[in-house]
There are 2 protein chains.
Amino acid sequence: MRLTTKGRYAVTAMLDLAIHGDDGPISLADISERQGISLSYLEQLFAKLRRNELVRSVRGPGGGYQLNRAQKEINVAQVIDAVNESVDATGCGHNSSCQDGVTCLTHHLWCDLSAQIHGFLSQISLADLMARKDVQTVAQRQDRQHLSAFEDSLISAKVSA
Amino acid sequence: MRLTTKGRYAVTAMLDLAIHGDDGPISLADISERQGISLSYLEQLFAKLRRNELVRSVRGPGGGYQLNRAQKEINVAQVIDAVNESVDATGCGHNSSCQDGVTCLTHHLWCDLSAQIHGFLSQISLADLMARKDVQTVAQRQDRQHLSAFEDSLISAKVSA
DNA sequence: ATATAATTGACTAAAAAGGTTGGTTATTGC
DNA sequence: GCAATAACCAACCTTTTTAGTCAATTATAT
C-alpha cells in the first residue's frame with residue numbers, strides 16, 4: 001500500500017464520476033476541467049481503472065466513462081491499488097526475500113501495517129464519500145463554475161458565428 | 001501522510017537502534033551493514049531524525065546514535081513524518097487552496113484519511129514493534145551474521161598483521 | 001597524533017509523478 | 001459519406017523524489 005498524490009488524483013476523479021455519472025457517461029475532458037487534472041494524466045489513470053474493471057467506457061460523441069459497479073461497491077483502497085498496480089519491484093513486495101535473499105527486519109511489520117491501512121480504506125466506499133457535507137459543498141461550487149464555463153463557451157460560439 | 005519506502009527505511013533503522021542501543025551509541029556503519037541500507041542514505045535520514053529530536057548523536061570513536069526518548073515514547077508516525085518533512089508544496093498541503101486558489105474536491109476527505117492513518121501509526125511505538133516475534137527472530141539472525149562478519153574482520157586483520 | 005564517526009554539502013543516477021504531443025479508432029449526428 | 005467527438009494508445013519530456021556517491025570538515029576517545 002503506497003499513499004501518494006497519484007492515488008488521490010484517482011479517488012478524486014472517481015468521486016467526480018460518482019457525483020455526475022447518474023445520467024450517461026462523463027468525458028475525461030469534463031473531469032479534467034472540474035478537478036484541474038491534466039487530460040492526458042487522467043487518460044493514463046483511467047486506462048488502469050478500466051483494466052481493473054472499476055469503470056467502463058463508451059466511445060464516440062456523448063461517450064465517456066461510467067462507474068462499472070454501484071457506488072457502494074467501489075472503495076478507496078481498490079481505486080488506489082488500481083493506479084499503483086505493478087509497482088513493488090523495489091524493496092520487499094510480496095516475496096519475503098528483500099534483503100540479500102532473506103527477510104528484512106520490518107518485512108512482516110510492514111505487511112501488517114499495509115494490511116491494516118488497506119482494511120481501513122477498503123471500508124470507505126464512494127457512496128460514503130458522497131454523503132460527506134464538505135464533498136457536497138465543493139461539488140456544488142464546481143458544478144456552478146462548470147456550468148458558467150459552459151454558458152461562456154456558448155456565448156463565445158454565438159459571437160464568433 | 002505519505003507512505004513510501006523512505007519512511008520504511010527510517011522505521012527499520014530506528015528499530016535497529018532500539019534493538020541494539022541498550023549500551024552505548026550505535027554507528028550508522030553498523031546499521032548500514034545489518035539492515036542493508038546505504039551509509040550515506042542513512043546519514044541523510046538521521047539528519048532529519050536528529051532535527052526532529054528522535055535521536056541524539058555522539059561524535060568520535062565509539063560514537064553513534066541513540067534514541068532520544070524511551071522506546072515507548074517514539075511511534076511509527078513520528079518517524080515517518082520526520083523523514084518526509086517539508087514535502088507538500090505540490091498538491092494541497094495544509095492550506096486549503098489547492099485547486100486554483102479554492103479547496104479541491106477531496107481536500108477535507110484526504111485530510112481526514114491522513115489523520116486516521118496517522119492516528120493508527122502513532123499508536124504503534126518502537127517498544128511495540130520490538131515485542132513482535134517476527135522482529136525478534138530476524139533481529140537474532142542479523143546479530144549472528146553481524147557477529148560472524150566481525151570475527152572475520154578480526155581474523156583478516158590478524159593475517160595482514 | 002591518530003583513528004573513529006558524525007556532520008556537511010555538492011553531485012549523480014534511477015525511478016516515479018505528472019504532463020505533452022500526435023496520432024488511431026469507434027461512434028454519433030447531420 | 002463526412003465531420004465532430006472522445007476513447008485509446010505510444011512515444012516522449014520535465015520535474016520531483018529516491019537512493020546513493022564522493023570528498024571534506026569537525027569532534028572526540030585512545
Side-chain angles (χ1 to χ4, degrees), chain A residues 2-13 17 21 24-33 35-51 55-66 68 80 83-91 93 98-99 150 153 157, chain B residues 2-10 12-13 17 21 24-33 35-51 55-66 68 80 83-93 98-99 150 153 157:
Chain A
R2 280 158 66 256
L3 283 186
T4 63
T5 52
K6 189 178 193 176
R8 179 168 157 177
Y9 273 131
V11 172
T12 303
L17 262 196
I26 303 294
S27 74
L28 293 188
D30 278 2
I31 300 179
S32 170
E33 191 191 325
Q35 305 306 334
I37 306 171
S38 91
L39 177 59
S40 46
Y41 198 44
L42 279 176
E43 283 177 350
Q44 291 174 35
L45 297 180
F46 272 79
K48 295 187 175 185
L49 293 172
R50 194 170 63 99
R51 253 179 266 141
V55 297
R56 59 170 175 272
S57 62
V58 180
R59 285 177 152 213
Y65 286 93
Q66 284 175 307
N68 202 25
I80 292 177
V83 295
N84 283 339
E85 68 182 359
S86 83
V87 201
D88 251 341
T90 7
C98 11
Q99 187 190 342
F150 174 67
S153 72
Chain B
R2 280 158 68 254
L3 282 187
T4 64
T5 53
K6 191 179 192 174
R8 179 169 157 177
Y9 272 131
T12 303
L17 262 196
I26 303 296
S27 74
L28 294 188
D30 277 4
I31 300 179
S32 169
E33 192 190 326
Q35 305 307 334
I37 307 172
S38 91
L39 177 58
S40 44
Y41 198 43
L42 279 176
E43 284 174 349
Q44 292 174 37
L45 298 180
F46 272 79
K48 294 185 176 184
L49 293 172
R50 196 172 61 101
R51 253 180 266 141
V55 297
R56 59 170 175 272
S57 62
V58 180
R59 284 176 153 215
Y65 286 93
Q66 285 175 304
N68 202 24
I80 292 177
V83 296
N84 282 340
E85 69 181 356
S86 82
V87 199
D88 251 340
T90 7
C92 52
C98 11
Q99 187 189 343
F150 174 66
S153 70

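Letters go in sequence order (proteins before strands), and every chain restarts at 1.
- Out of D/dA19, C/dG19, C/dA17, the shortest distance to the side chain of A/Thr5 is found at C/dA17.
- Taking 4.0 angstrom as the limit, B/Ser57 places none of its side-chain polar atoms (N or O) nearer than this to OP1 or OP2 of C/dA5.
- Here B/Arg56 pairs with B/Gln66, B/Asn68 under the side-chain contact (heavy atoms from CB on, under 4.5 Å) rule; sequence neighbours left out.
- The listed nucleotides are D/dG20, C/dA17, D/dA6; the one nearest the side chain of A/Ser27 is D/dA6.
- For B/Ile80 and D/dT18, the CD1 to P distance is 12 Å, given to the nearest whole Å.
- In terms of the side-chain contact (heavy atoms from CB on, under 4.5 Å) criterion, residue partners of A/Gln44 (sequence neighbours excluded) are, by chain and number, A/Tyr41.
- Looking at heavy-atom distances under 4.0 Å, A/Leu39 makes no contact with the nucleic acid at all.
- For the pair B/Tyr65 and B/Pro25, the minimum side-chain heavy-atom distance is 4.5 Å or more.
- By the 4.5 Å heavy-atom criterion applied to side chains, B/Lys48 and B/Asn84 are not counted as neighbours.
- Counting all heavy atoms, side chain and backbone alike, B/Val83 lies closest to B/Gly7 at CG2-CA, 3.9 Å.
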What's touching nucleotides 1-3 of chain D from the protein side, N or O pairs under 3.5 Å?
none

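- Under 4.0 angstrom from either OP1 or OP2 of C/dA17 there lies at least one side-chain N or O belonging to A/Arg2.
- The minimum heavy-atom distance between B/Ala29 and B/Leu39, with the atom names listed, is N-CD1, 3.7 Å.
- Comparing C/dA17, C/dT8, D/dC8 against the side chain of B/Arg50 picks out C/dT8 as the nearest.
- Note: NZ (A/Lys48) to P (C/dG18) measures 12 Å, nearest angstrom.
- Within the nucleic acid shown, A/Phe46 has no heavy atom closer than 4.0 Å to any nucleic acid atom.
- Between the CG atom of A/Leu45 and the P atom of D/dA7 there is a distance of 14 Å, rounded to whole Å.
- Residues satisfying the side-chain hydrogen bond (donor to acceptor under 3.5 Å, both in side chains) test with A/Arg51, not counting sequence neighbours, are A/Glu85.
- Under the side-chain hydrogen bond (donor to acceptor under 3.5 Å, both in side chains) criterion, B/Arg50 pairs with no residue at all, not counting sequence neighbours.
- Computed from coordinates, the B/Tyr41 OH to C/dA13 C1' distance equals 14 Å when rounded to whole Å.
- Of the side-chain N and O atoms in B/Arg51, none sit less than 4.0 angstrom from OP1 or OP2 of C/dT8.
- At least one side-chain heavy atom of B/Ile31 sits less than 4.5 Å from a side-chain heavy atom of B/Phe46.
- Residues B/Gly62 and B/Gly7 each lie close to DNA chain D; by heavy-atom proximity, the contact nearer the 5' end of the strand is made by B/Gly7.
- For D/dT18, one of the phosphate oxygens OP1 or OP2 lies less than 4.0 angstrom from a side-chain nitrogen or oxygen of B/Thr4.
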Reading 5' to 3' through nucleotides 23-30 of chain C, protein heavy-atom contacts under 4.0 Å coded B for base, S for sugar-phosphate only, - for none: --BBBB--
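- Dashed line: the shortest gap from a side-chain N or O of A/Tyr65 to OP1 or OP2 of D/dC8 is under 4.0 Å.
- No side-chain donor-acceptor contact under 3.5 Å links B/Ser32 to the backbone of B/Ser38.
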